[in-house]
Amino acid sequence: MEKKKILVTSALLYVNGSAHLGHIVGCWLPGDIFTRYHKTNGDDVVYVSGTDDHGTSSYISAKNAGLKPEEYISIMNGKLKDIAKKFCIDFDIFSGTNTQTHKEVTVDFFNEIYKNGYTEEKTSNMLFCEHDKVALADRFVYGKCPYCGYDKAYGDQCDKCGKTYELDELIDPKCTFCGNSAVKKTTKHIYISLDKLQPQLEKWVESKKDIWRPHVYNMTTKWFKEGLKPRCITRDIPWGIKVPLEGFEDKVFYVWFDAPIGYISITKELGGEEMVKDRWQNKDCEIFNFIGKDNIDFHAIFFPSMELACKKYNLANNVVGFNFLNFEGQKFSKSKHIGIFCDKVMENDIDIDSLRAYLVSIFPENKDSDFTYEGFKLNTNAELVGKYGNFFNRTLNMINKNFAGTLNIDFEDIKNMLDDNDKEMIDAIQTLPNQIGELFAKTEFRTAYKEIMRFASIGNTYLEKQAPWTLIKNGDIDNAKKVLYLCLNMAKALAIVGSPIMPNKTAEIWTEQLNLEGSPAEPNMWQEASKINIKKTHKVSSPKPLFARLDDEAIEKLKAQFA
RNA sequence: CGCGAGGUAGAGCAGCUCGGAAGCUCGCCGGGCUCAUAACCCGGAGGUCACAGGUUCAAAUCCUGUCCUCGCAACCA
């Protein structure tokens, strides 16, 4: 099988507060599972992410915390790293955009776009806060509505009467951060000529029609119908990357200009110029961006346009846009404190593999979905304990009790005693792992998970049909061994195919109970899953329950801890 | 005509890209098994696939229209 070269990115997180489950589900976890699958499949894959350190809201958050921006983001970056570790998100690097490397890459990126003639200058009016030293975008300004007089109207629209207006029509504008009056300024800015890039971009998007999720493709093509317009890429705030152009010394790049370049600079930080060449300038490397749906425009329009204008880096193969996760029917909210916040998970004994598995089962791949405690309990008990874990337990228990852990047979020994049930079982072992692998590769995680559980169910049904406990009772030892040998091979396969989602539990069952060498997540192990090749003399260890059941009490405890 | 998502058994959802006898999990009813974490397996009841038209030999699936629900314009993937 040909080995692929892959680069996986997951959206850079803003550092203005604590992460919640939605962040994990939106990009970190799918990117992690995708990466783990490919590693196990033997592909050459690198997973990069980090924090988006610039932008107005990070600047203001730092200010409110009484810290310098670089101090603030360094603390937040550390916290996020801990959370990633707790959730077993295995980044090759988790950095940020406040690095010297990032500055250099961004400046170079801009210089190329400038040199290639895809920028233009325009003059525009904007409101500025003298106190916070920031330019105020529409959503950061409030004042009196020129139509109805409502005094909490935003920069471009009044919530009360619904009317929209120009920024300079707003009466007595104030800064939303400090409440001081905002002043009008006329400034020059640099724009990227998206209109000139549209034909090339459309061609690229068209080629992704059958690869991207439908909602990503649709949302993207909608922009083309309206026609792309030049977009401002500079800002008047003191926090960010300085624009390297005469007459713009006091300006920085718009956060959404430098943030996606972070994928490149973080790659460079990890492996130097060599790795950038290998992953971003090598047409054999496939790039996957895992993002939430609010980022689709930036990853499907803005960043690829920048790359086309820069002409130095390859565009993504797949922009994997996830929808949103709700929490018990409500939106995650920092202000109302709705949802599981990951800093609380840090001090909690919640089983991460169980949580990861439940989250996969409700991944908002095609539409928004909902986290519920009841669902978490159900998935853990019915799927992980009842089907998946139970199969290991039943198999190992019988091998141990009746055969002291060693069956003393292999596939050759049973080939002439197979009935229809055995053949079905063998067929499942030989075909399902590859099918599940393809689902992971296609980023269809929910279906992959369902198939893994179905795989375990096939095992349970097989046991029921063959009833080795009865065979043993009747003295039919050869057939009992045959059944358990096939089950043992399926157990091995189940550990491998489950490893991208449940890295801890599968490693545990592999080493401590199946007593196999290495790890189920080793490179090229995926191909081993469909082989029936457990050695004749192999001795398994004694089983113990893999997942813990969750009762109502445990759920109540969780609710209380996360409330 | 702001933008977006959705309406499929009691609940929660999948299926819709590429039309071909309505599926999954839970719950409920009945049976089986006893190796297993009161776990597992089989069977059953329960649906005019929001509504109305249209295309078709055939529509949950494609087209048109109508009704209803929910998100976004405040932190926020």
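Chain naming here is simple, since letters A, B, ... match the order of the sequence lines and numbering starts at 1 in each.
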> Base, sugar-phosphate, or nothing for A/Phe332, non-hydrogen atoms under 4.0 angstrom?
Replying inline: base
Whole-Å distance, A/His20 NE2 to B/A77 P, equals 7 Å
Listing for RNA chain B: consecutive Watson-Crick or G-U pair runs of at least 3, distance cutoff 3.5 Å, ranges ordered by first number, gives B:2-7 with B:67-72, B:10-13 with B:23-26, B:28-32 with B:40-44, B:50-54 with B:62-66
Among the nucleotides B/A39, B/A77, B/C35, whichever has the atom closest to the side chain of A/Trp469 is B/C35
Rounded distance in Å between the C1' positions of B/A50 and B/C40
39 Å
Please determine whether a side-chain nitrogen or oxygen atom of A/Arg549 lies at a distance below 4.0 Å from atom OP1 or OP2 of B/A39. yes
Quick one: label A/Phe547 by what it contacts on the DNA or RNA (base, sugar-phosphate, nothing), any heavy atom closer than 4.0 Å.
base
For residues 463-474 of chain A, the salt bridge (Lys or Arg N to Asp or Glu O under 4.0 Å) pairs (sequence neighbours left out) are A/Arg394-A/Glu464
* Assign A/Ser333 to base, sugar-phosphate, or nothing according to its heavy-atom contacts below 4.0 angstrom with the strands shown. => base
Considering only heavy side-chain atoms of A/Val385, the closest of B/C35, B/G71, B/U37 is B/U37
Exercise. Establish, yes or no, whether the cationic atom of A/Lys293 lies under 6.0 Å from the six-membered ring centre of A/Phe324 and within 45° of the ring axis.
Key: yes
query: In terms of ring plane angle, is the pair A/Phe363 and A/Phe445 parallel, tilted or perpendicular, where the classes change at 30° and 60°?
result: perpendicular
Are A/Phe440 and A/Phe34 close enough, and set up right, to give a ring pair (Phe, Tyr, Trp, His ring centres under 6.0 Å), and what steps lead you there?
CA-CA 6 Å; A/Phe440 278 126; A/Phe34 186 75; 9.0 Å; no
TODO: Taking A/Asn317 for its side chain and A/Phe288 for its backbone only, find out whether a donor-acceptor pair lies under 3.5 Å.
DONE: no
Worksheet item: Taking the inter-plane angle between the rings of A/His299 and A/Tyr263 on a 0 to 90° scale, is it parallel (under 30°), tilted (30 to 60°) or perpendicular (over 60°)?
Response: tilted
Here the distance between atom P of B/U37 and atom CD1 of A/Ile509, to the nearest Å, is 13 Å
- Query: With a non-hydrogen cut-off below 4.0 angstrom, is A/Ile24 in contact with a base, only sugar-phosphate, or nothing?
  - Reply: nothing
- Task: Looking at every strand, decide which applies to A/Leu325 at a 4.0 Å heavy-atom threshold: base, sugar-phosphate, or nothing.
- Result: base
Smallest heavy-atom separation, A/Val345 atom then A/Ile350 atom, equals CG1-CG2, 4.0 Å
Side-chain atoms of A/Tyr14 come closest, of B/C33, B/A36, B/A77, to B/A77
- Query: Any salt bridge between A/Asp422 and A/Lys482, counting N to O under 4.0 Å?
  - Reply: yes
By nearest-nucleotide position on RNA chain B, the 5'-leaning member of A/Gly389 and A/Thr461 is A/Gly389
Taken to the nearest whole Å, CZ/A/Phe87 to P/B/A77 is 16 Å
What integer number of Å spans the C1' atoms of B/C70 and B/G65?
22 Å
Residues pairing under ring-ring contact (aromatic ring centres under 6.0 Å, His included) where one sits in residues 450-490 of chain A, two or more places apart or in two chains, turn out to be none
- Using the C1' atoms only, state how far B/U66 lies from B/G71, rounded to an integer number of Å. 22 Å
From CZ of A/Phe140 across to C1' of B/A73 the rounded distance in Å is 14 Å
Would you verify whether the NZ or CZ of A/Lys505 falls within 45 degrees of the ring axis of A/Phe547 while also being under 6.0 Å from that six-membered ring's centre?
yes
Against the side chain of A/Thr470, the closest entry in B/C41, B/U34, B/U25 is B/U34
Of the candidates B/A77, B/U34, B/U25, the side chain of A/Phe324 sits closest to B/A77
From OH of A/Tyr462 across to P of B/C42 the rounded distance in Å is 16 Å
With sugar-phosphate taken as primed atoms, P, OP1 and OP2 and all else as base, the protein-contact string of nucleotides 3-15 of chain B at under 4.0 Å (heavy atoms; B, S, -) is SS-S-------S-
Heavy-atom nearest pair, A/Trp510 first then A/Ala495, reads CE3-CB, 3.8 Å
In whole angstroms, the gap separating C1' of B/C42 from CG of A/Leu463 amounts to 15 Å
Query raised in the report: Phosphate oxygens OP1/OP2 of B/A36: is one of them under 4.0 Å from a side-chain N or O of A/Lys401?
Result: yes
Result for 5'-nearest mapping on RNA chain B, choosing between A/Leu12 and A/Met398, is A/Met398
At 4.0 Å (heavy atoms only), tell me whether A/Asn393 reaches a base, stays on the sugar-phosphate, or touches nothing. base
Is the terminal nitrogen or CZ of A/Arg235 (NZ for Lys, CZ for Arg) located under 6.0 angstrom from the six-membered ring centre of A/Tyr254 and within 45° of that ring's axis?
yes
In short, A/Cys175 meets A/Asp132 closest at the heavy-atom pair SG-OD2, 3.4 Å
N/O to N/O distances under 3.5 Å, protein versus nucleotides 29-32 of chain B:
{"unit_1": "B/G32", "atom_1": "N2", "unit_2": "A/Glu464", "atom_2": "OE2", "d": "2.9"}

Rounded to whole Å, CG of A/Leu21 lies from P of B/A77 at a distance of 14 Å
When rounded to whole Å, the CZ to C1' distance for the pair A/Phe391 and B/C40 reads 12 Å
I'd like the C1' distance from B/A22 over to B/A58, given in whole Å. 15 Å
(Q) Please give the distance between the C1' atoms of B/C75 and B/C67 as a whole number of Å. (A) 35 Å
Is there a side-chain contact between A/Asn397 and the phosphate of B/A36, meaning an N or O under 4.0 Å from OP1 or OP2? yes
- [ ] Please measure how far the P atom in B/U61 lies from the corresponding atom in B/G7, and state the result in whole Å.
- [x] 12 Å
For this session: Name the nucleic acid region contacted by A/Gly386, choosing base, sugar-phosphate or nothing; use a 4.0 angstrom heavy-atom cut-off, strictly under.
Result: sugar-phosphate
What integer number of Å spans the C1' atoms of B/A9 and B/G27? 12 Å
Contacts satisfying side chain to side chain donor-acceptor pair (under 3.5 Å) that involve residues 19-36 of chain A (not counting sequence neighbours) are A/Asp32-A/Arg36, A/Asp32-A/Arg356
Practice problem: Hey, can you tell me if A/Phe322 and A/Phe290 have their rings parallel, tilted or perpendicular (30° and 60° cut-offs)? | Solution: tilted
Would you measure the distance from the C1' atom in B/A59 across to the matching atom in B/G54 and give it in whole Å? 11 Å
